[in-house]
Structure formats: C-alpha cells, structure tokens
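These numbers come from the heavy atoms of this one structure, side chains and all, not from hydrogens, waters or symmetry mates. Residue numbers begin at 1 in each chain, while the letters A, B, ... track the order of the sequences.
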Amino acid sequence: MSLQKPSIPKGTRDFSPSQMVRRNYIFDTIRNVFQLFGYQPIETPAMENLSTLMGKYGEEGDKLLFKILNSGNFMDGYHDQTDNIHTLTKHISEKGLRYDLTVPFARFVVQHQNELTFPFKRYQIQPVWRADRPQKGRYREFFQCDVDVIGSHSLLNEVELVQIIDAVFSKLRIRVLIRINNRKILAGIAEAIGVPEKLTDLTVALDKLEKVGAEKVKEEMIERGISSDSVEKLAPLLDLEGKMETKFDFLTQFFADTEIGRLGLKEIEILIDYLKALDLKNKFEFDIKLARGLNYYTGTIIEVKALDVTMGSICGGGRYDDLTGIFGLSEMSGVGISFGADRIYDVMLELNIFPSEIGAATKVLFINFGGEEERFCLKLTSEIRSSGISVELFPNPAKVKKQMEYAHRNNIPYVVLAGQDEMQSGEISVKEMSTGNQTKMRVDELKKLLS
RNA sequence: GUGGUCGUAGCUCAGUCGGUUAGAGCGAUAGAUUGUGGAUCUAUAGGUCGUGGGUUCGAGCCCCAUCUUCCACCCCA
C-alpha cells in the first residue's frame, strides 16, 4: 500500500486534550444549567431516515443534508435513464446525517409518545452535520446543545428558556444580546402590507436590514416579487427604533386589520412583561428585524449574539406548533433553543475568558526509581487515590529530569520523590512545582495538603 | 451551490527577475556532577515547498487541475 498523507474531511476537526478540557467546561456548564431547570437528557442516532429529515428545513436545508449511500449494490434495479437527480438520490440513499436536534426530537416524541409525560422537557447535546461551505465559526460537524419543552403552549416556557440563556452566558462570562421576535408578527406584517403569501421572502429580506440598510432591503423585496406599493407600506417599519413601548404602540395601529399580527403582538408583550419582572443579567430586546429562517417556527423566535466579538449567532430557537404533526401527532406545541458549543468555544477563545484553573487533572506525580521503590510507590499511589486524589506513578524508571519534565508539561502541581532515604525515614519528599520548594512529610500530611 | 483567497520544518514566517546545496525564530531531541522541571549554553535532527500535471536548459516562484484554509454571497449554531 502506498503511503498517504493523513487528513480529515473539510470542515471537521480533531480536538486535542487541551481543547477538550475547555470544550467539556462549556458542555458541563450548559448541562448543569439544563438540569437545574429540570430538563432530562436524551440521545438520538447520528443518522436518520431521509424521509424524516427532508422538507423540514426548507429548500436550502435539503441541499445541506449529508446523505448516506445505501450499502450493497445501491444501483440494483435502477433503470431510469432520464438522469433525474432526485429520483437517483431517492434510489441510492435512504439515510442521512442529522441536520439539527429539533427534528429528530420531534420524531422521538411521536415515536415514544406513550412513554412520555407531557409537558416533556428534554435536553440533548450531540453533534450535527451540514454540507455547508466552511468559514470562521461555521463547520460541517458541530455540536448543538438543545433544550426543548413540548406539550405546553404556555409562554412561561419561553420565559424559562430566556432564563436559561441568561444563566448559561452569565456562567461562561460572555456578554450577550438576546433578541426576540415572533413569527406571527412577521406574518402580520406580510398581511398588513397585502402579501401574506410572501412571508418567507419578506423575512429573508428583512433579516438583512442591519447588514445592508433599508434601501437594499427594499430592492431585494421588489426582486423577490413584492410590489413596490407593499414595500412602501413597510417603510415606516424599517425605521422603527427605540423603546419597546414605542414599537408596541406603532404595531398596534399597524396591525389594525390583521388578526395574526395582533396575536403575535399580544404574545410578545406578555413575554417581555414577564422578562422585565426578572432580574436578568443580560440585555434582551424585541426586534422585528429578527427573522430566523427555519421553516417550522410559528411563534416566538429567539437569537443570541455575543456583544464583544464578531460571530454569527451562538444560540437560537423558537416555538413550533406543529412539528410533530407530519409524523402523525398533532396538538403538540413545542418551544426550544440550541446553543452552538463550537461557536461559544471560538468566542471564549477570542476573548480569552476561559478560566485558568480548569484542566489540571492529576494533582501529584510519583517519580519512578524502579525496583523496590517502584513497589513502594505503587502502594502509596493506590492509597492516595482511594481518598479521591488524582495521582500518577511514572510508568518506567526514566531519568528524573525526564519525569520532572513530564510533570511540568502536564501541569501537575506536585511531584513526590520516594527513594531509599524516604522509604527508610517514612517521610516522602514533596516538591511544589510552581515554587520549586521541596519538603519532607508523611503520606497523611500529603493527603491533607491535596484534599 | 456562486465568486475570491491561502498553503514553504511540529508552530510562526522569510525566500530577490525563474538560476547552484530552500533559511530564521520558537519548539523538539541529546548533553552541560547518574535524585530534580522552567532560565542559560552546546550539539543534533527535522522539508517530495499541499497534491498531480504542464511550460522551461532550469520551477518554491509561471500556467492548468485538484485538495485544504480563510472571506463574501446563500444560509445558519
């Protein structure tokens, strides 16, 4: 076999121990908050049937699905000569890697509905895959940390999710802005300007307001087939700034003739009202420009961005009223959010806000002198370990210099030297690596020092 | 998927107009009193210049393809 350069697929990454320590810090922090709010863990397979995934994320989403080639002779029985990519795809692939955790969750809920107690609150921390073109903060394999509650219409769930967001980012010490909107408001706007069927085009264009400015947004809307008449009706909304009360007052008038708009406005007012009564550490705002694309959202939508670094959203989600409907279970409203662990990692790295104390696993290294001393140390390490202290014995009697270097590089704070002298006196030499100080003490004194 | 960009030692990067044997710093390894890491000194190793073609007497440098990185669009965690 010829020698080949090892490599991994585009947009995927290996994680070294030092990276994993930090990643786990993020996962642990998030998981702890989830549990604190009473959510229960589940996991689902990396791959799902394509029929489960297709059509849930819009046209764009379907393109970004990684499809798995059928095993065996996947061309068997295929005689279509029309070169239709869709029929070919259907024939050779029936499984795909999951694109997010929400759709598999909906599938899970339908499939296990008889075992679940509703409202069902679950969290799920697993990787997802998207055949996107990689960029900064955009990977083809990345971890999502989802919390959802399904089987409850109450806006209290939204309130809880915002509390979770606030708690997570406070703990991680990332300053964020929480933006909130409601799909019903967007639908109301579409209705109010007379283009209810153009909701998606409207929201996609609206979402770019901050980025490209009002003029470009208007242009895009016209390109997307929204009449200039309708676009003009929208104009005052594009300039809508300032206090939330001002926005509410304006929209109340704007939505005079649209039921769904008023409904959305009512929902957001209640939510904001609840949130104001809480003592949240991060800022939140009602922003009609927020227009998350995922097709299944029907109510509240939430997006979180870091304040001190340029990065896409690090958390997002919303309410979906009928995601389980297509799997045969209706009347199951759910709401959930997803934390993007990899982006959170990138943000924390850029801001240099990882706590320095994480990562030091082993507390003490025993130098290996071989022979009798080795047996002596093996016994001591075992004894110390049983009191819950992480300890290592170097596996072979290498030069002391080499062993000391091992301790240094692995950030092991203490080194024990126990040779002939120590064995006889019963006191071992303990070196504190940060200061270089070395003192003799009994084993129980060492245990006390490290506990 | 569209347009652009990057790739030279483990890492960060030099490398002239296409010209002999591709360099530096950091790091690594070994040593400087056989029981002591970080600092210093000495020595050593390390490269198919992303990969594959092409042009040329001659290619790290020019051309084409491809992979990868990053960026914009699209979309999104």
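Following rounding to the nearest Å, A/Arg179 (CZ) and B/rC76 (P) show an atom-to-atom distance of 13 Å. Atom CD in A/Glu405 sits about 8 Å away from atom P in B/rG37, given to the nearest Å. Put simply, NZ on A/Lys431 is 10 Å from C1' on B/rG35, counting in whole angstrom units. Here the C1' atom of nucleotide B/rA72 and the NZ atom of A/Lys208 are 13 Å apart, to the nearest Å. Rounded to whole angstrom, the span from the CG atom of A/Asn437 across to the P atom of B/rG38 amounts to 17 Å. Between the CD atom of A/Gln438 and the C1' atom of B/rG35 there is a distance of 9 Å, given to the nearest Å. Going from atom CG of A/Leu64 over to atom C1' of B/rG1 covers 9 Å, rounded to whole Å.
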Scan nucleotides 67-70 of chain B against the protein and return all N/O pairs shorter than 3.5 Å with their distances rounded to 0.1 Å.
unit_1	atom_1	unit_2	atom_2	d
B/rU68	OP2	A/Lys10	NZ	3.3
B/rU69	OP1	A/Gly11	N	3.2

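At B/rU34, none of the side-chain N or O atoms of A/Lys401 fall inside 4.0 Å of OP1 or OP2 (strictly under the cut-off).
Aromatic ring centroids of A/Tyr406 and A/Phe394 lie under 6.0 Å apart. Checked against a 6.0 Å centroid threshold, the rings of A/Phe339 and A/Phe169 count as neighbours.
The nearest heavy atom of RNA chain B to A/Cys315 and to A/Lys63 marks one nucleotide each, and the one closer to the 5' end goes with A/Lys63. Each of A/Asp342 and A/Gln420 was matched to the nucleotide of RNA chain B holding its nearest heavy atom; the match closer to the 5' end belongs to A/Gln420.
Going from the C1' atom of B/rC49 to that of B/rG60 covers 5 Å, rounded to whole Å. Distance check on atom P: B/rC64 versus B/rU5 gives 11 Å, rounded to whole Å. When the P atom is compared between B/rA9 and B/rC74, the two are found 36 Å apart, to the nearest whole Å.
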(request) Can you run through RNA chain B from 5' to 3' and write each base as (, ), [, ], | or . depending on how it pairs? Watson-Crick or G-U wobble, both distances under 3.5 Å. (result) ((((..(..((((.....[...)))).(((((.......))))).....(((((..]....))))))..))))....

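Across all non-hydrogen atoms, the minimal contact from A/Gln124 to A/Leu101 is O-CD1, 3.3 Å.
Evaluation of atom-type donor-acceptor distances gives no pair under 3.5 Å for the side chain of A/Glu373 against the base of B/rG35.
Figure legend: A/Arg319 and A/Tyr297 shown without cation-pi pairing, the cationic atom not lying both under 6.0 angstrom from the six-membered ring centre and within 45 degrees of its axis.
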